[in-house]
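Here is the structure we will look at, set down as structure tokens.
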Amino acid sequence: MKPGNDGNVSQFILLGFSEDPKLQPLIFGLFLSMYLTTVLGNLLIILAVSSDPHLHTPMYFFLSNLSFVDICFTSTTVPHMLLSIHRERKATTYEGCITQMYFVGTFTVLDNFLLAVMAYDRFVAICHPLHYTVIMNPRFCGLLVLGSWIMSSLACLLQNILALRLSFCTYLEIPNFFCELKLIVQVACSDTFVNNVVMYFSVVLLGGGPLAGILYSYSKIVSSIGRITSAQGKLKAFSTCASHLSVVSLFYCSCLGVYLSSAATHSSQSSSTASAMYTVVTPMLNPFIYSLRNRDIKRALSAFLVKGTTKGLLS
């Protein structure tokens with residue numbers, strides 16, 4: 001294959017989890033069930049929040065946006081992988097790979113920003129409760145979400161533009177089940193210095209920045225909870241953060257696992273398993289974490305399901 005992107009690079013080979021044909025039906029069934037669970041669980045969160053007026057608050061507004069992003073996030077990787085297994089074809093087009101890389105990056109960064117925004121919301125609610133409704137007004141909440149979308153999209157657009165200038169001259173095997181920026185840059189045969197500098201700068205800025213905001217918010221929250229005299233008050237204040245803390249821990253630990261595994265090994269199975277944790281498993285578990293730990297979500301889900309069942313019986 002000749003160097004260059006002007007029609008010479010036609011496809012990438014996504015190695016996926018295993019080349020054993022006997023394992024493909026098992027992988028297909030597992031990821032299909034996980035994908036359907038993710039879509040259904042996050043969709044129920046969105047419908048419950050939108051249908052219950054008591055949940056029309058900043059915290060649940062951000063949660064419904066996170067659920068929508070998680071549906072989009074999983075939909076950028078799993079359906080394509082399932083189709084590849086069904087067709088027994090691991091190759092993907094150059095254009096399709098670049099497009100998938102853009103959306104995976106965008107939704108990863110967007111998850112980062114939304115988790116930071118949700119941490120800020122809890123910080124204001126606990127540390128400045130008297131000013132909460134003034135600070136977290138609908139216009140400001142909308143601007144926070146809109147700003148997160150814009151920054152994520154522009155940052156990943158820059159990464160893609162830089163990736164388009166790369167040349168590829170080898171058999172383009174990607175040791176993963178989807179096209180990831182870092183792996184695409186690694187298989188390029190042209191100079192990738194600028195790409196690596198921008199990529200690592202973006203990781204520090206777009207990953208470390210929101211994480212620093214989350215840590216700062218929770219340091220203030222812990223300090224504020226420590227000043228509460230009653231044990232019941234402390235428990236109530238902490239319970240409003242428990243679900244978010246669980247989701248943050250799951251997301252960042254799985255992302256850290258991806259980069260540690262990619263640094264330690266180039267095995268397709270190891271890279272795919274680690275990547276599946278933050279692209280598939282985390283979005284699937286988020287609705288369960290919030291619904292199991294949150295009585296308001298449980299009540300709204302029950303009311304929504306009962307209402308839907310009643311309508312179905314009446315019709």
Side-chain angles (χ1 to χ4, degrees), residues 1-17 19 73 76-77 80-81 84 89-113 149-212 252 254-279:
M1 187 177 292
K2 299 178 182 179
N5 294 342
D6 51 345
N8 293 315
V9 178
S10 59
Q11 62 184 15
F12 291 88
I13 308 298
L14 299 175
L15 298 180
F17 291 90
E19 296 185 13
F73 194 7
T76 61
T77 57
H80 182 269
M81 185 195 71
S84 297
R89 184 172 181 270
K90 293 187 175 184
T92 184
T93 63
Y94 172 80
E95 294 78 9
C97 196
I98 294 295
T99 302
Q100 185 184 57
M101 184 179 73
Y102 170 75
F103 284 109
V104 168
T106 298
F107 292 127
T108 302
V109 176
L110 196 50
D111 258 356
N112 270 305
F113 281 131
W149 274 94
I150 292 173
M151 287 189 289
S152 303
S153 301
L154 292 179
C156 293
L157 181 61
L158 173 62
Q159 298 276 12
N160 264 44
I161 291 173
L162 291 174
L164 289 172
R165 56 183 283 277
L166 295 175
S167 299
F168 302 90
C169 52
T170 59
Y171 191 63
L172 302 176
E173 290 186 341
I174 307 297
N176 209 329
F177 67 97
F178 65 91
C179 296
E180 190 176 21
L181 174 63
K182 185 178 180 181
L183 299 177
I184 296 298
V185 172
Q186 284 177 353
V187 298
C189 64
S190 57
D191 182 25
T192 60
F193 176 76
V194 175
N195 297 78
N196 284 316
V197 169
V198 174
M199 181 169 57
Y200 288 115
F201 179 77
S202 299
V203 168
V204 172
L205 185 65
L206 304 177
L211 179 59
Y252 280 100
S254 59
C255 286
L256 183 62
V258 169
Y259 285 97
L260 289 177
S261 67
S262 63
T265 178
H266 294 285
S267 165
S268 168
Q269 187 174 359
S270 299
S271 298
S272 296
T273 303
S275 296
M277 286 301 297
Y278 83 96
T279 59

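The first residue in the sequence is number 1, and the count goes up from there.
- One finds the CG atom of Leu154 at 9.5 Å from the OG1 atom of Thr106 (value rounded to the nearest 0.5 Å).
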| task | Take Thr92 and Phe12 through the test side-chain contact (heavy atoms from CB on, under 4.5 Å) and record every step on the way to the result. | result | CA-CA 5 Å; Thr92 184; Phe12 291 88; 4.1 Å; yes
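- When all heavy atoms of Thr273 and Phe17 are compared, the closest pair comes out as N-CE2, 3.7 Å.
- Not a single donor-acceptor pair under 3.5 Å links the side chain of Ser190 to the backbone N or O of Leu166.
- Shortest non-hydrogen contact noted between Phe193 and Asp191 is N-OD1, 3.2 Å.
- The side-chain heavy atoms of Ser153 and Tyr102, taken from C-beta on, include a pair separated by under 4.5 Å.
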| task | Test side-chain contact (heavy atoms from CB on, under 4.5 Å) on Val109 and Cys156 and set out the steps. | result | CA-CA 8 Å; Val109 176; Cys156 293; 4.2 Å; yes
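- Phe107 is not listed as a side-chain neighbour of Thr279, based on a closest heavy-atom distance of 4.5 Å or more.
- Atom CZ of Phe103 sits in a sparse spot, with 12 or fewer heavy atoms from other residues, nucleotides or ligands closer than 6.0 Å.
- For Asn195, the side-chain hydrogen bond (donor to acceptor under 3.5 Å, both in side chains) test picks out Arg165, with sequence neighbours left out.
- With sequence neighbours excluded, no residue forms a side-chain hydrogen bond (donor to acceptor under 3.5 Å, both in side chains) with Thr108.
- Taking all atoms of both residues into account, the shortest heavy-atom contact from Phe113 to Ser152 is CD1-OG, 3.3 Å.
- The minimum heavy-atom distance between Thr93 and Gly96, with the atom names listed, is OG1-N, 3.0 Å.
- Put simply, the side chain of Asn112 reaches to within 4.5 Å of the side chain of Tyr252, judged on heavy atoms.
- The shortest non-hydrogen separation linking Gln100 to Cys179 is OE1-N, 2.8 Å.
- Taking the side chain as every heavy atom from C-beta outward, Ile161 and Leu157 approach each other to under 4.5 Å.
- Annotation for Pro210 and Leu205: closest pair CD-O, 3.6 Å, computed over non-hydrogen atoms.
- With rounding to the nearest 0.5 Å, the separation of CG in Asn196 from NZ in Lys182 is 9.0 Å.
- To the nearest 0.5 angstrom, Leu172 atom CG is 10.5 Å from Leu14 atom CG.
- Note that CG of Asn176 is 9.0 Å distant from CG of Leu15, once rounded to the nearest 0.5 Å.
- In this structure, Lys90 contributes its side chain and Ile13 its backbone to no donor-acceptor pair below 3.5 Å.
- At least one donor-acceptor pair under 3.5 Å links the side chain of Asn160 to the backbone N or O of Ile98.
- Distance CD/Gln11 to CZ/Phe168: 13.5 Å, rounded to 0.5 Å.
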| task | Could you go through the side-chain contact (heavy atoms from CB on, under 4.5 Å) check for Tyr278 and Phe73 one step at a time? | result | CA-CA 10 Å; Tyr278 83 96; Phe73 194 7; 3.7 Å; yes
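- For the pair Glu173/Val187, no side-chain contact is recorded, criterion being any heavy-atom separation below 4.5 Å from C-beta on.
- The CD atom of Glu180 sits 9.0 Å away from atom CD of Gln186, with the distance rounded to the nearest 0.5 Å.
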